[in-house]
Amino acid sequence: MKKDVFTFLISGKAGEGVKKASTSTDEITSHYMRANAVQDGEGLGIPISSEAKKYPNPDPRVGVSAVAVLSVAIGLDKGGLSALIEKEYPSDVGNKFPLNAGKQGRVVLTGNEAVVGGLDIYIAYPMTQSASILHYLGTHSKDLGIVVLHPENEIAVINMALGASFAGARVMVSSRGGGFALMEEAFSLAGMTETPLLCILASRPGQSTGVPTYTEQEELRFALSRGHGEFLRIVASPGSVEEAFYLTVEMLRLVWQFQTPAILLTEKHLSESGMNVDTSLERASQPEPVMHASGEYKIYADTDDGISPLLFPPLKGLIKWCAQSTLMALTIM
Amino acid sequence: MMGVMWMDDLKTYAENTWYPGCGNFGIFTAVKTAIKRLEERGVSRERLIMSAGIGCHGKIFDYLKLSGFYSLHGRSVATIQGMKIANPELKVLTFVGGGDALGEGIAHLIFAAKRNADITVIVHDNGVYGLTTGQFTPTRLRHMRMLLS
């Protein structure tokens, strides 16, 4: 059986691996080698790299030359290859899409840049789909007046967020499936202590570490059942970048109103796509939590609507947010 | 009576379930004394915020009359750093145990030190996991017999 030198990917999807060429009954293997290392009878050595260096811009030439060689191997002629390249890469795409000027200036935001409204503190550990929130906020931290923190691991992230929320700050954390799995115990603590906390869950495919370079909307079941023990949480997901902006503000308002953790589900396409969005601040509202007015403060006070008033230190009197249900409602003075 | 009375306003109504003679009482008394001293110097106890981990030491959260957030096993060092960031005027302190902060949560301890975080961590180090009846901690010396050594 004659052995040819090339193996190449034929219209495969990610994960299917390399398929062998179907045009030949010969065994085909893949080698990356210098042209002069090819032995007689084993294949045809074509000195692409050394030839390309004789021309300006050698790097893209190497790629195109390799494609040209491969297309000969599968029976495509020069005309056919040219037509293919023109179809994929129209030369004057910049002039072919005239854009009309709009009526007003609007911002261009990616999903990750949109999910930041109304915060005091943002804490995160970088994980691909949500790392760009960290970068964006880290860069603009002073302009936006948001404290941005990158601690040692996801568990520190969420525990710090709970401490900060206890002290009265509006906090958001974000991660992706695996990072969220690390945060589960503290998420349950947020439910127990009725701590307002907003979590952005940016999805990507796969269990375990998953695939950072693709998108998948798969974490709904996880979000709904997250955290051991039974407690309520709010779960929502935006359908567009604009929706992401308003939904984040809304979620922050809801977590402070209901004193429960919430999860905002996003995914890679949304997180990383830049769109024009209409961001009118009039449509966004600040959280208005039910604050304790007077008298004895009981953190788990039984009220008609089920929401106990909030109070933050420092103040005269005692506020104890407890992880254990055996000791609740310590009264003051 | 006056000598006993002045410390009682730092105790909650919760019944103390530490064994008589437990070392935790020593820390408890020392902390109450320290709080009183701080108040004499102008640090009001409203600004003193506590946390605790999980363990026999953690029960100090129920006994000490300071506002606070009862954290998870090993995570209280992270929790109080979050409090400090949200409101730097607070003075934050936590009580941790051997298994709590020297085992489970050692990363938080190291990074708090790295950040020079303005926090106080009091380690109840007696070499055992008291609440779970006697396993050895990271600091237990080799020659000491334990429940599971």
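Sequence lines set the chain letters: A, B, ... in the order given, protein chains first and strands last, and positions in each chain run from 1.
The list of side-chain hydrogen bond (donor to acceptor under 3.5 Å, both in side chains) pairs with a residue in residues 131-147 of chain A, not counting sequence neighbours, reads Asn112(A)-Ser132(A). Sorted by first and then second residue, the salt bridge (charged side-chain N to carboxylate O under 4.0 Å, His left out) pairs with a member in residues 246-256 of chain A read Glu250(A)-Arg253(A); sequence neighbours excluded.
Only the side chain of Leu149(A) comes within less than 4.5 Å of a heavy atom of chain B; its backbone N, CA, C and O stay farther away. With a 4.5 angstrom heavy-atom cutoff, Ile121(A) touches chain B only via side-chain atoms. With a threshold of 4.5 angstrom between heavy atoms, Leu90(B) approaches chain A through side-chain atoms but not through N, CA, C or O. Both the backbone and the side chain of Ala156(A) come within contact range of chain B, with heavy atoms under 4.5 Å apart. Of the atoms belonging to Thr195(A), it is side-chain heavy atoms, and not backbone ones, that fall under 4.5 Å from chain B.
When side chains are defined from C-beta on, Ile80(B) does not count as touching Met160(A), because their heavy atoms never get closer than 4.5 Å.
When each of Ile155(A), Leu162(A), Val171(A) is checked for heavy-atom pairs under 4.5 Å with chain B, Ile155(A) comes out on top.
Atom OH of Tyr19(B) is surrounded by 12 or fewer heavy atoms from other residues, nucleotides or ligands within 6.0 Å.
Within residues 91-105 of chain B, no residue approaches chain A closer than 4.5 Å by heavy atoms. Residues from residues 109-117 of chain B that place a non-hydrogen atom less than 4.5 Å from a non-hydrogen atom of chain A comprise Phe111(B), Arg115(B), given in numerical order.
Considering all non-hydrogen atoms of both residues, Pro313(A) and Ile49(B) come closest at CB-CD1, 3.4 Å. Closest approach of Ala167(A) to Ala86(B), counting heavy atoms only: CB-CB, 3.7 Å.
Taking CG from Asn159(A) and OG from Ser71(B), the interatomic distance works out to 5.0 Å, rounded to the nearest 0.5 Å. If you take CZ on Phe166(A) and OG1 on Thr79(B), they are separated by 10.5 Å, rounding to the nearest 0.5 Å. To the nearest 0.5 angstrom, Glu185(A) atom CD is 9.0 Å from His73(B) atom NE2. A distance of 9.0 Å separates CG in Leu72(B) from CD1 in Ile158(A), rounded to the nearest 0.5 Å.
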